[in-house]
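Worksheet: one structure, shown below.
This chain uses plain numbering: 1 for the first residue, then up along the sequence. All ligand and atom numbering here is 1-based and tracks the order in the structure. Any value given below was found using the heavy atoms of this structure, including those in side chains, with hydrogens, waters and symmetry copies removed.
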Amino acid sequence: MGFETHEPAGDDCRDPESKGRHLDVCLSGPVGYRKSTGLECYDLLNQALPELCLDEIDLSVSLAGRILRAPLMIAPMTGGDARTHELNRILVAAAQRWGLPMGVGSQRVAIEDPSRARYFQLREEAPDAVLFANIGGAQLVKGWGGAEARRAVEMIRADALFVHLNPMQEAVQGGDLDFRGLAGRLARLCEELAADGVPVFAREVCFGLSEGAARELLACGVAGVDCAGAGGTSWARVEALCTDGEGERHLGQVFGEWGIPTAESIVNVRRVAPDLPLIACGGLRTGLDVAKALALGADVAAMARPFLIKAAQGPEALDAFIAQVLRELRAAMFASGAGDVSALRGTLTPR
Ligand SMILES: Cc1cc2nc3c(=O)[nH]c(=O)nc-3n(C[C@H](O)[C@H](O)[C@H](O)COP(=O)(O)O)c2cc1C
């Protein structure tokens, strides 16, 4: 079930109304982890004599073979019905204006019901943005492969594909509970899509990656990972708030704090994969968080719920938020003496 639903499995399991509940809860409910990302355990090292002009700091980075104007990503959230399409259109227009990459939410609904594909049409609004398609790892176990992945990529004319990994979310929902054989299927998918020139990135959704998981993903041949960790939106908590089932609610509450904090998740990936393209996500809320995530080893930092909340307020609120985050990032780089993103690496000290 994953991001598609929180209802008991059945014919109505992809009811857009149930999908809307995720959105409502994320817009207004107490869905945050109590524990932090762990980034507060680090400081960027102040450089009293930066040989830099703040306005000339270079924020550009590359991802999935494309150049981004800044290392900030709109994380995958939604799509598949009229309301989520509207939100995605606001988000993708901002991605286009600011030169940022963006992911769409799980496209399972539209692969299973092609009449919904129109609710993922975003390319016209963002001809130049780097877009990531999205399918669930659990679907690979159920037999999806290159054909479905290609449909997801073609549907949004994506530059790359995310395969989301979310065993804890599925366990809380009582959703897709068999993850056996996933690594083998992911490896096959990476190979198939590499032949088409489509990079496959694997992503946790907020529970983080261990060193072991990172090693396995590397062996699968993924083109990159998003190590989304704990400290921001807790998807166990989201599911607890969305479900009508007593047992599921209890599970979601018990596991509300489950997950590897984002800072640790970044370090875990970097220990085993020093050069693998790495997106960090989960609880990043300011430009300083972004700077610390990059300094710890991420290539790009992503946010989900902060962008959702601003998009719901409209394009101006979203623009103001992006401008502020980039201003904070530039300030952090300036005072660390980092003229570009690569120079940020290693400017962190443990607190
Ligand atoms: C409303 C909403 C829907 C989401 N749906 C998806 C999804 O379909 N696929 C996915 O990979 N991640 C999904 N996510 C997870 C986010 O991409 C992100 O990993 C997570 O929310 C942690 O980031 P945050 O703390 O900045 O919110 C969703 C997040 C939100 C807020």
Side-chain angles (χ1 to χ4, degrees), residues 1-6 14 18-29 31-39 72-81 83-84 87-88 91 101-111 119-120 132-139 152 156 160-170 173 175 200-209 225-239 241-242 258-263 265 279-286 289-290 293 298 300-312 321 325:
M1 290 195 285
F3 288 103
E4 290 75 27
T5 181
H6 47 268
R14 288 172 307 281
S18 67
K19 198 164 174 153
R21 265 213 254 175
H22 274 158
L23 268 187
D24 290 333
V25 160
C26 284
L27 283 167
S28 60
V31 294
Y33 278 95
R34 293 192 193 103
K35 72 182 174 195
S36 73
T37 58
L39 288 169
L72 179 64
M73 178 163 195
I74 301 173
M77 283 182 275
T78 197
D81 61 36
R83 178 185 178 205
T84 57
L87 279 167
N88 264 348
L91 289 165
M102 171 173 157
V104 297
S106 172
Q107 290 165 266
R108 178 180 167 188
V109 283
I111 289 171
Y119 295 126
F120 280 97
F132 278 62
N134 193 309
I135 61 171
Q139 261 45 61
I156 65 163
L161 173 73
F162 271 139
V163 175
H164 69 257
L165 308 172
N166 59 345
M168 175 49 76
Q169 184 187 6
E170 298 291 352
Q173 287 183 323
V200 176
F201 280 53
R203 75 181 311 267
E204 235 302 342
V205 301
C206 75
F207 301 104
L209 293 176
V225 295
D226 178 340
C227 64
T233 309
S234 161
W235 275 89
R237 214 154 259 148
V238 173
E239 298 301 349
L241 289 166
C242 285
W258 181 270
I260 300 166
T262 297
S265 188
I279 301 165
C281 185
L284 308 180
R285 299 293 178 254
T286 67
D289 291 340
V290 169
V300 170
M303 299 183 190
R305 207 156 62 90
F307 284 133
L308 179 70
I309 290 167
K310 295 300 174 185
F321 177 69
V325 168

Subject >> Any residue meeting side-chain contact (heavy atoms from CB on, under 4.5 Å) with P101, in chain and number order, not counting sequence neighbours >> reply: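 side-chain contact (heavy atoms from CB on, under 4.5 Å) check on P101 returns L63, L68, M73, V130.
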[X] side chain near [Y] side chain, heavy-atom distance below 4.5 Å:
| X | Y | answer |
| --- | --- | --- |
| V325 | M303 | yes |
| H22 | V238 | yes |
| C26 | L308 | yes |

Subject >> Backbone of L209 reached by a side-chain donor or acceptor of S265 within 3.5 Å >> reply: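 Yes: the side chain of S265 pairs with the backbone of L209.
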**OP:** Report the residue from R108, H164, Q107 that forms a side chain to side chain donor-acceptor pair (under 3.5 Å) with N134.
**Re:**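 For N134, the side chain to side chain donor-acceptor pair (under 3.5 Å) check succeeds only for H164.
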**OP:** Identify, chain by chain and in numerical order, each protein residue with a heavy atom under 4.0 Å from an atom of ligand 1.
**Re:**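 For ligand 1, the residues that come within the 4.0 Å heavy-atom cutoff are F3, L23, C26, A75, P76, M77, G105, S106, N134, H164, R203, V205, A228, G232, T233, W235, C281, G282, G283, R285, M303, A304, R305, P306, L308.
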